[in-house]
Colleague: 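Have a look at this one.
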Amino acid sequence: MIKNLPDGHQKTIQEHQENLPVNMGELSKAFGVTAYIAHLNDGVSGQIIKDGDESDKYAIFVSDSDSKNRQRFTAAHELSHFLLHKDEIGDGIVDSPLYRSSLSNQTEVEANKLAADILMPYEKINTEIDKGIKTISKLAEYFGVSTQAMKVRLGIPT
Ligand SMILES: [Zn+2]
């Protein structure tokens, strides 16, 4: 269960966790946010901005120079800003590769936490381990994340 999210949002996320890895393009779309892979400035891994003139439409951009797994985590991080920090998006949030932005570190930690909850639900991890996945790398591959991200999720020193 994901804390601090309305039930409807939780349900939408859970539906998109039925097929793994989570399809971040589809999940974003379910929340009315369009996700793009684009060429971003150096030192930028992702951003979320208002999409055109429509005041309630948002778009996520992830860097085309990052790996697929990294892009997926960045998209989940930016979508988390939309779900948790919509009031703070303003003219846009620009995240560095370390997921630092003009927002507070606490805000960034919250976005990273929700991103991990979206991509690596513990129930699903436990199911896969019970079904016989034995290595971190296989688990990471199944969830479409880096082995580093999976280790952090499992509390294993990296
Ligand atoms: Zn961020």
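Since we're looking at a predicted model, the values are computed, not measured. Every number for a ligand or one of its atoms is a count from 1 in the order of the listing.
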Colleague: Evaluate S101 against E108 for side chain to side chain donor-acceptor pair (under 3.5 Å), listing each step before the verdict.
Modeller: CA-CA 8 Å; S101 71; E108 293 304 332; 2.5 Å; yes

Colleague: Using the ring of Y122 (Phe, Tyr or Trp, six-membered ring only), decide whether R153 places NZ or CZ under 6.0 Å from its centre and within 45 degrees of its axis.
Modeller: yes

Colleague: Identify, by name, the N, O or S atom of E108 lying closest to the Zn ion (ligand 1).
Modeller: OE1

Colleague: Is the Zn ion (ligand 1) under 2.8 Å from any N, O or S atom of E78?
Modeller: no

Colleague: Which atom, among the N/O/S set of H81, is closest to the Zn ion (ligand 1)?
Modeller: NE2

Colleague: Between K11 and E15, is the salt bridge (Lys or Arg N to Asp or Glu O under 4.0 Å) condition met? List the steps.
Modeller: CA-CA 6 Å; K11 190 162 174 285; E15 283 166 4; 3.1 Å; yes

Colleague: Tell me whether L154 shares a hydrophobic cluster with L119, the cluster being built from Ile, Leu, Val, Met, Phe, Trp, Tyr side chains joined at under 4.5 Å.
Modeller: yes

